[in-house]
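Note that the numbering runs from 1 along the sequence shown for the chain. Note that the structure is predicted; figures quoted are calculated from it, not measured.
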Amino acid sequence: MRWKLLWTVIVAILSVCQGAWGVCEDHVASPPNVVFILADDLGWRDLGIYGSVYHETPNLDRLARRGLRFTQAYAANPLCSPTRSSILTGLYPARIGITSPACHLPQAVLEKGLVPPQPNVRIRTANSLTRLKPEYVTLAEVFREHGYMTAHFGKWHLGHSGPYEPKEQGFMLDFPNTPAAPGPGGGYLAPWKFIKDPAIQGQPGEHIEDRMSQEAARFIEENKDKPFYLNYWCFSVHSPWSAKPELVEYFKTKAKDDSPQRNPVYAAMVKSLDDAVGRIVEAIDKAGLAERTIIIFFSDNGGFAYPPKNETQPPGYAEIPATSNTPLRSGKASIYEGGTRVPLIIVWPGHTQPDSVTDVLFSSVDFFPTILEMCGLPLPGHKVDGVSQVPAILGKGPVRTRVFCHFPHGGENQAQQIPGFLPSAYVRDGDWKLIRFFAGNPDGTDRFELYNLREDIGETHDVAAEHPEIVGRLAKELEGFLQDTDAVIPQVNPDYRGPQTSDPLMGWKNRGCEATIDAGLLKLQAQTATPFLGFGVGKQPGPVQVTFRIKVPQAGEGKIEWIPPGASQDAAQSVPYSVTGTEMTTVTVRVPWEKPIGILRIYLPTGANTAEVDWIELETASGKRRFDF
């Protein structure tokens, strides 16, 4: 609250001394409007202008050609609420304490800390705040203090009840007023279950983005003679996976089996988002405001690059990933590039060059100081983490050399489904990206991965062992960031008793051998001449790389076998592997099969009556899954 009181005093002083702003009289008389469009879970490659050949986004593509498109823009977090808080305040989520999308929860958590220890969880992660504290000065409050009309449309997810709603954080209008909703629960088509006000309910089948963009267009028309700051924070393309039926049918006809993006429901959702953006831009043009309206388009985190299981899908599509962020690795909720690198378009009439592209680094904490400078407004009196990107937007070169992200959530179980969903943080410095996985090693020490993104944008080759000096330098930078922001650091749980599971083999089946877990090792005792471990990979397409640590009493040759889905044992194929000694050995085998894999089997080396297996990893194009016994 002290910051807000200080800001009120500053505004009063500046109102008397407008000339001290360094803003010309014409700029003060006609300040620019700002329309900030934020997509939810939209991936880096989901727009046509960013390389999608399946999705159709003509309105966003045209918007990009009006201004500047960024290729290396980053959300401050791989999940939504933290990034939203960074946009509104210019502060890192690590500093604010909102580090996960927990702001819809009923309890108000307002202090940083770790979650209580649980005996079956190895690492204690952060207990995210569940509200954006009123003490932070928001963009909306700055604009409102300087005579702007302010409006918020769509998803909020930064707190609810009392002082945490949009109208208490600087917005004069909030539509459809769903601050407690993490997404469009129940679906995008009316009747809308996530909207409580019966007066807002649309006609059956009406899409919420259609309704919201119509309301936003009305706001633009009614306020065309006043400066305004309009937040259009889409519900799209967050789950649940629902869309207009006619669009789904259309995109079914376009889907190709060999395309990484081929989910018709998701494509239909992207199309409705694009239609809404087109409606808003059209309203700006019709009102005669195009030359004095800044338009920004961004996404709060990476795309959902995983199969939308347990959701309503047309038959045959439930196993198809909603989208693909290729060539980026993984997606939403991941510390890898697919989790935080997102599309960014800025249109600043008279300043951005039409149809221009930049590869400068941009973080979502930069919006706060950048937008205020674009509008000739002063920063509040408190520190912000972001830097103004105005020089970069004007083509004068980069202003940022580093990007930071702190994500103290996730765990081994989540990472099996979403590669990189682990307690972690990263720093990107130039082309180098260092990831610190908190307590990621078996002994509880931190594990580091290093990538050169210019040479390896897909983060496929960890070069930490090859460049210890770079790891050391970047680790110091990252530690400085964590200390400066008072980040909550995940810690090993001293009371950890091991995973509480009814299946200690984690899905693997022992055949022709007995299996026991002892001291973190899977111990096998042969009962037949061909003992093996089997795993149901399902319809996941290959190739797959199988890596495991094994110890056998004698050298020998084994094999990796796979049986395609629905095929008989006669259709099995295999590739050999060798164990050349009697010590614990790491074996890596590539299965050269590009179709769905089905059942995967690891046969023990011939003559090995016993074996000890430390861990197994399966790595496909969609990520890595590790089984630590």
Side-chain angles (χ1 to χ4, degrees), residues 43-47 49-53 69-76 78 260-261 299 301-303 305 323-332 334-344 356-363 392 397-405 407 415 418-422 424-437 440 446-478 481 542-545 547 586 588 590 592 594 617-624 626:
W44 187 61
R45 295 299 295 270
D46 279 345
L47 307 184
I49 198 73
Y50 275 87
S52 177
V53 296
R69 174 167 56 92
F70 289 73
T71 63
Q72 299 190 97
Y74 288 85
Q261 293 179 337
S299 180
N301 52 247
T323 190
S324 170
N325 301 310
T326 303
L328 305 185
R329 183 176 180 182
S330 200
K332 175 181 178 177
S334 172
I335 202 70
Y336 294 119
E337 287 290 283
T340 57
R341 192 189 292 206
V342 293
L344 168 60
S356 54
V357 182
T358 180
D359 62 358
V360 301
L361 296 179
F362 191 108
S363 170
V399 296
R400 173 183 285 282
T401 60
R402 300 181 187 89
V403 173
F404 294 98
C405 176
F407 186 54
I418 300 176
F421 191 177
L422 290 164
S424 51
Y426 76 66
V427 54
R428 175 172 178 185
D429 187 334
D431 294 331
W432 293 104
K433 177 179 176 181
L434 181 74
I435 305 174
R436 174 179 170 183
F437 292 99
D446 294 339
R447 178 170 62 86
F448 291 92
E449 292 181 6
L450 178 69
Y451 299 97
N452 186 310
L453 295 180
R454 179 176 295 277
E455 299 175 357
D456 181 21
I457 191 174
E459 296 168 289
T460 60
H461 183 42
D462 172 18
V463 294
E466 301 167 33
H467 299 281
E469 73 289 351
I470 296 177
V471 171
R473 175 174 62 84
L474 297 185
K476 289 180 180 179
E477 292 182 10
L478 187 53
F481 159 75
V544 59
Q545 180 170 286
T547 306
T586 299
T588 299
R590 185 177 185 273
E594 296 185 355
E617 283 186 351
L618 305 180
E619 184 171 4
T620 65
S622 63
K624 182 185 295 184
R626 184 180 176 98

Write down the atom of Ile418, the atom of Ser334, and the distance for their closest heavy-atom approach.
-> CG2-CB, 4.2 Å
Going through the distances and angles, do Arg329 and Thr460 end up as a side chain to side chain contact (heavy atoms under 4.5 Å, CB included)?
-> CA-CA 8 Å; Arg329 183 176 180 182; Thr460 60; over 6 Å; no
For Asn325 and Gly331, the nearest pair of non-hydrogen atoms, with its separation, is ND2-CA, 3.4 Å
Does the side chain of Ser52 come within less than 4.5 Å of Arg45's, by heavy atoms?
-> no
Is there side-chain contact between Asp46 and Gln261, with at least one heavy-atom pair below 4.5 Å?
-> yes
Are Phe407 and Phe421 close enough that their ring centres sit under 6.0 Å apart?
-> yes
Salt bridge check: are Arg626 and Glu617 linked by an N-O gap of less than 4.0 Å?
-> yes
State which residue, out of Tyr451, Trp44, Tyr74, fulfils the side chain to side chain donor-acceptor pair (under 3.5 Å) condition with Glu337.
-> Tyr74
Is any side-chain heavy atom of Asn452 less than 4.5 Å from a side-chain heavy atom of His467?
-> no
Which residue pairs satisfy the salt bridge (charged side-chain N to carboxylate O under 4.0 Å, His left out) criterion with at least one member in residues 455-471, sequence neighbours excluded?
-> Lys433-Glu459
Residue pair Thr340 / Cys405: nearest heavy atoms and the distance that separates them = CG2-SG, 4.2 Å
List the atom of Phe448, the atom of Ala464, and the distance in Å for their closest heavy-atom pair.
-> O-CB, 3.9 Å
Does Asp431 reach the side chain of Arg428, with side-chain heavy atoms less than 4.5 Å apart?
-> yes
Taking all heavy atoms of Leu47 and all of Pro343, pick out the closest pair and write down the distance.
-> CD1-CB, 4.4 Å
Does Thr326 use its side chain to pair, donor to acceptor, with the backbone of Leu328 at less than 3.5 Å?
-> no
Other residues, nucleotides, ligands: >12 heavy atoms within 6.0 Å of Glu477 CD | yes
For Phe404, check ring-ring contact (aromatic ring centres under 6.0 Å, His included) against everything at least two apart and list the hits.
-> Phe481
Minimum heavy-atom distance Ala305-Ser330, with the two atoms named | CB-O, 4.0 Å
Any Glu594 side-chain heavy atom under 4.5 Å of Pro543 side chain = yes
Is the backbone N or O of Val360 less than 3.5 Å from a side-chain atom of Gln72, with the two atoms forming a donor-acceptor pair by type?
-> no
Under a 4.5 Å cut-off applied to non-hydrogen side-chain atoms, are Ile335 and Leu422 in contact?
-> no
Separation between OH of Tyr426 and CD1 of Ile435, rounded to the nearest 0.5 Å | 8.5 Å
Derivation and outcome, side chain to side chain contact (heavy atoms under 4.5 Å, CB included), residues Leu474 and Leu478 | CA-CA 6 Å; Leu474 297 185; Leu478 187 53; over 6 Å; no
